[in-house]
Amino acid sequence: MNRLLGAMVVIDHEQEAMSAFYEEADELLNDIELTLLEIEADPDSKELIDKLFRAVHTIKGSGAMLGFDKIAAFTHHVESLIDAVRAGEVPVSKLLINQVLLARDHINNMMVAEKGEEAVDDAAEIISGLRALLGNDPDMLVAPPRSSDTKSDSGRDVSYRITFIPEEGIFMRGLDPLMILLELEDHGKAIVTPITESLPVLENMAPEKCYIGYNILLETNADIDIIKDVFIFVEEDSIVEVELIDSSLGDTGATRLGDILVDRGEVKEEEVNQVLAQDQKTGEKLINAGLATESQVAAALQEQKLLRERKKVRESATIRVAADKLDFLINVVGELVTAQARLTDTAVSIGSMQLNATVEEIERLVTELRDNVLGIRMIPIGNTFNKFNRLVRDLSMGMGKDIELVVKGGETELDKTMIEKIHDPLVHLVRNSIDHGIETPEERRVSGKDATGTVVLQAAHVGGSVMITISDDGRGIDYEKVARKAVAKGLVREADLEGMSREDILTFIFLPGFSTAEIVSDVSGRGVGMDVVRTEISKLRGRIEIDSVPGKGTKISIRLPLTMAIIDGLLVRAQDTKYIIPINRIRQCVELTSDIISMAHGRHILQVQEEIVPYVRLREIFNGCARNDKEIEQIIIVEYEESAAGLVIDQIYGDHQTVIKSLGKCYEHVHGIAGATVLGDGSVALILDVPQLVKSAIDDEVEALEHHRGRQEAAGS
Amino acid sequence: MDIESRQFLTLTLDEEIFAIEISRVREVLDYAPVTVVPKMPAYFHGVINLRGAVLTVIDLKLKFGMSQNERTCNTCIIIVEVLFDDETMLIGLLADSVRKVFDINTTDIEPPPKMGTRLSTKYIRGMVQQDDEFVVILNLDMILSAQEVSADSLSGRLNATSSDTGSDGLVAGSPERA
Amino acid sequence: MPKTIMTVDDSASIRLLVGGALRQAGYSVLEAKDGVDAADQLSKKTCDMVLTDLNMPNLDGIGLIKKLRTMPAYRFIPIIMLTTESQPGMKQKGKDAGATGWIVKPFKPAQLLAVISRVLR
C-alpha cells in the first residue's frame, strides 16, 4: 500500500522547498537592507553584524542546496566580506555599506531573473568592489559549491590491515564502534579481532566508556580512501590506522607469525628470534615472554591465515581440465559420499570401537574431498559482476546519462559453466536498463528523482537456487506501449487485452522479434532479444521474471538451479516420504501436542514465544492424507519472509549433509521441492524449497477460502 | 534395397508385448521402491537412486491407460535413453516383465493401425508379428513430451502417494477430519 | 518502526528540502527553526537522531548540542552538524560540544542519507 501512495504523491518536496526559498530570500533580502541601514547608524553593534551575516549566510547556504549555484557563488563574496567585518578585520564604512547594498540589489535581480528565467549580467564590478574592501586577499577565492565525489571501486580485491582504537568517550559523542564495523563490512569481508588489554576489572569499569579496540582485516575491492572515509567522524580523536597489506609479504614465504608481528610493528625482530629458540608455538612464546599481547597475536594469526590463503591462490599453477572429466569426478565423489554414509550407518550398528575410529577418519577425508572437488567448479560471480563496471560507465557516458552500478552478493558461488553462459544474457539486461530504463539526468530531475540513476546487480543463494537480480530505478516498463505493440504485431487481439493483468502483458516481451525501442539503438534491441535471453536461461534450467512499476523502476529476477551442491539439512519423514529441510531456514523444532492443536480451535496456527505461527502438514499437502492420530507430530519452525511458518512432520531423524541432485525439467512446476538427494541407505529424499512451499500453501488456502466463500454466496443468494 | 535388421528388447505390460530398440536400453533393474514426487501426474511413478543419480520412473501402464495389477517378482525397471526438450536423459520404465531380445527386420515393421489399439498412435512406431504374437514397437521420445507433461500436471491428475487418502489434502487450513 | 530524525534549521526552504528527502527515505521527521524550538520539542518528544544547522538565532547549533548532551535521553544519540566550508573552526567547536559528525553544505540528499546511515541503522 505504501509503495502505491508513494508513487502517487510524485515527491514534490523539492518544488515546495524552492517556492519557500523564493519567499525566504525575499524576506532575507529585505532584512539585509534594513539591517545595513541600522548598522550605518550603529556601526559597532555586534548583534546587528551577526544578524546581517546570518541572513547572507542563509541565502548562500539554502541557495546552494537548492541548486541556485550562481546566486550562491555571488553571495559567497558578500559573506566573506561580512565575515571579515565580524572578525574585526575590516571596519564598517560608508563605502562598505554601499557596496553591500549594491550586492544585495544584484542578488535580488538574480532572484527575479531566476523566476522569470532571464539572464542577468555577471556583476563583475560589484564583485571586484567587494574584494577590494577585503584587501583583495587572493586566498579569499570563491569556493564553488561542493559537488559529490564519485568514488568507484578499483575492481581488484586487496587486503587492508586496520587498527581502530576508539577514544574512551566515543559513546558520549553519539558514535557507536559497531556502526563503523558494519560499514566496513558493507565494503567486503572483514575479520575482526578485539583488543581487550585495556579492559579494567568489573568494579572499575564505567559503563559509558569504551575500552575495546579492534584489529580488522578487510578484503575488499574498494579504494583506500573509501575505507578511510568510514572513519571520518572518529579519526581525529580515536586511533585509526589503515594500511594496505603488502601482498609481497606472502610471496617471499613470510607467513610466519613472528614475521607478521614484526611487520605490524608490534614486536622486534631480535625478540622474535630469541623466543623462537624454545619449543612452543611462536605466538604462545611471545605472549609468555610478555613481548606481545594476546590480542596482537590473535590479530596476527588472522593475518597469517589470510596471507597463506592468498599465497596458495597465487602460487598454484593452473591446469586445464576437460569439463566432462570433472563431471565424472564429481559424480564419483557424490557416490562416495553416499557410500560413506552407508558405511557409517553400518559401523554404528556393528558398534566396534576400532571400526568406528577408522570410519570416522574416512568420513572426515571424504568430507574434505567432497568440499574440495565441488569447489573446483564453483566460482564467485563477483568476478563477472565487476566487469560490468566498465560497461555501465562507457554506456552511460555514451548516452549522456549518469548511472551508478551497485554490485551485491559477489561472493555467491556458481558453477563455472553457468557463469559463462549467463554472461551474455546479463549484458543484454544491463544494457536494457541503461538504454531503456534509466532516464537522462534532466528527465530524472523533472520527475523528482536524483539525477544519478542506479542499477543494482545482486546474487544470492535462496532455497536450492541462485537468484540473480538486475534492478534499476528508471522509468519502468510502459505497459500501454507493450500492449499496443503486441496488438500491432498480431500477437493478441485488442479485445483480449481487457482482462489481462500486468504479468500477462509482460509475457509478450519474451516473444521473438518484440522490441519496443523506437530507434533500434546500436546498443540493444537488435540481434539479441528478450526471447533469446529467456531461451538461454531455460537452457540452464532457470527461470526469468520481470517486475516493473512505471515511473519507479524495473526488476528482473533470474533463478538458476544449483545442479550440484551440498546441502546441510534436517532429515525428516512425513507419511512414507523422507524430506530434507535446509538447516539455515530452521529456527526450532517443537512437538505438536494436543494442547497446541486444541488451543487453535481448528485453525492451523500455534503460538511460539509470543509469535503466532501458521503451519502446514507436509503429509496433507504432499501426500494427500489426513492427520494420523497414532503418531506424535513435530513442527519444524522455519523462517518465512519476515516472520515464520511451521512444517508439520511425523518424525525427525537428524542432521544430514548430502549432495543435491536436480530432479529435472519435468518437475519444475512442483512448488516446494528444490531437488532430491540420495541417503545412506540408498533411498531418495526430497529437498524442500521452504519459501516456495509456504507461499504455495498460503496461495492454495486463499484460493480455497475464496472458492468456499463464492459457493456460500451462491448458495445464500 | 538393403535388409536392415535391428535388435529390440521385448517387454510385457499386462498381456501385451512391446519392444524397444536395444540401442536405447542402458540396463534393466529389479523393481525397487521409489520415492514419489508430489504434484506430478500419476504416471510419474517416482524417482529412484541409480548409483548416485536420481532417475524418474514412468509407469507405462498408467501412461497408456491400461489397467493396474499387482507387482510380481518379474516386475522390473528398464533404464532407457529418451529425448526430452532437445536433451537426452535417462529414465526408467516400469514393466511387468522383460523377454527376449529379437532381431527384427525393418521391412517387417508395419505402420500402426488407425484403430483397434487402445494406445494412442503417437506412442507407436510400428508393429510387427513375432511367433504368432503382435509386438508393438514403442516411440520412446513421445512418452515424455514436454507439452504432455505440463498439460497432465495442470489437468490435475496428480499424485497422491499413500493409501489413506482422506481429506482433500491440499488445503492447509481445513478443519480436522477424523 | 521508522526512526525519527529532528531537523533544526532557521531556513524554511532547507527544512522543507531536508525534511522531504528524509521522509521520502522512510524516516519520521520533526522540524525546529532554532535551538530553543528544538530543545523545547525534544523535552516533550523523543527522536533517534538530530541534524542541526549551526547558524541560528536564539540558540545556535553549538549551544543546542551542548544542551542536548546534558539531557539524559540525548546523551548518546547521534547529532550531525550542517557546516559550511566558510567556517572551518566550527567543526572542532561542534565536536568539543559533543557532536557526532558533520556534513558540509551544500549537499545532495543522497549524501545526507549516506551520512545518516553511517550513524543510524
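Chain naming here is simple, since letters A, B, ... match the order of the sequence lines and numbering starts at 1 in each. Here the structure is a predicted model, which means the values were calculated and not measured.
The candidate with the highest count of non-hydrogen atom pairs below 4.5 Å against chain C, out of A:Leu178, A:Asp237, A:Asp176, is A:Asp237. Counting heavy-atom pairs closer than 4.5 Å to chain A, the top-ranked of the candidates C:Lys95, C:Gln92, C:Met56 is C:Lys95. Your options are C:Leu16, C:Val115, C:Thr100, and the one with the most heavy-atom pairs under 4.5 Å with chain A is C:Thr100. Annotation: maximal heavy-atom pairing with chain C below 4.5 Å, among A:Arg54, A:Glu236, A:Lys51, A:Glu208, occurs at A:Arg54.
Summarising the local packing, CZ of A:Arg86 is surrounded by more than 12 heavy atoms from other residues, nucleotides or ligands at distances under 6.0 Å. Applying the 6.0 Å contact sphere to NZ of C:Lys67 captures no more than 12 heavy atoms from other residues, nucleotides or ligands.
With a threshold of 4.5 angstrom between heavy atoms, C:Arg75 approaches chain A through its backbone and through its side chain. Neither the backbone nor the side chain of A:Asp50 comes within less than 4.5 Å of any heavy atom in chain C. Only the side chain of C:Ile80 comes within less than 4.5 Å of a heavy atom in chain A; its backbone stays farther off. Contacts of C:Leu17 with chain A are made by both backbone and side-chain atoms, with heavy-atom separations under 4.5 Å. In this structure, chain A has heavy atoms under 4.5 Å from both the backbone and the side chain of C:Ala21. Neither the backbone nor the side chain of A:Leu28 comes within less than 4.5 Å of any heavy atom in chain C. Using a 4.5 Å cut-off between heavy atoms, A:Leu182 contacts chain C through both its backbone and its side chain. For C:Ala12, the parts sitting under 4.5 Å from any heavy atom of chain A are the backbone and the side chain alike. Heavy atoms of C:Met49 lying under 4.5 Å from chain A are absent altogether. In this structure, chain C has heavy atoms under 4.5 Å from both the backbone and the side chain of A:Ser62.
Minimum interatomic distance between C:Trp102 and A:Ile232 (heavy atoms only, all atoms of both residues): CH2-O, 3.4 Å. Nearest heavy atoms, C:Phe76 versus A:Phe171: CD2-O, 3.1 Å. Across all non-hydrogen atoms, the minimal contact from A:Met65 to C:Val18 is CE-CG2, 4.2 Å.
Atoms CG and CD1, from A:Leu175 and C:Ile79 in turn, are 10.5 Å apart once rounded to the nearest 0.5 Å. Rounding to the nearest 0.5 Å places OG of C:Ser11 at 7.5 Å from CZ of A:Phe21. Atoms CD and OG, from A:Glu183 and C:Ser117 in turn, are 7.0 Å apart once rounded to the nearest 0.5 Å. A distance of 8.0 Å separates CD in A:Glu14 from CD in C:Gln24, rounded to the nearest 0.5 Å. Distance check, rounded to the nearest 0.5 Å: OG1 of A:Thr58 to CD1 of C:Ile14 gives 8.5 Å.
Side-chain contact check for A:Met172 versus C:Arg69: every heavy-atom pair is 4.5 Å or farther apart.
Between C:Lys108 and A:Asp450, none of the side-chain N atoms (NZ, or NE/NH1/NH2) sits under 4.0 Å from a carboxylate O, so this pair counts as no salt bridge. Ion pairing of C:Arg15 with A:Glu24 is absent here, as no side-chain N (NZ or NE/NH1/NH2) approaches a carboxylate O to less than 4.0 Å.
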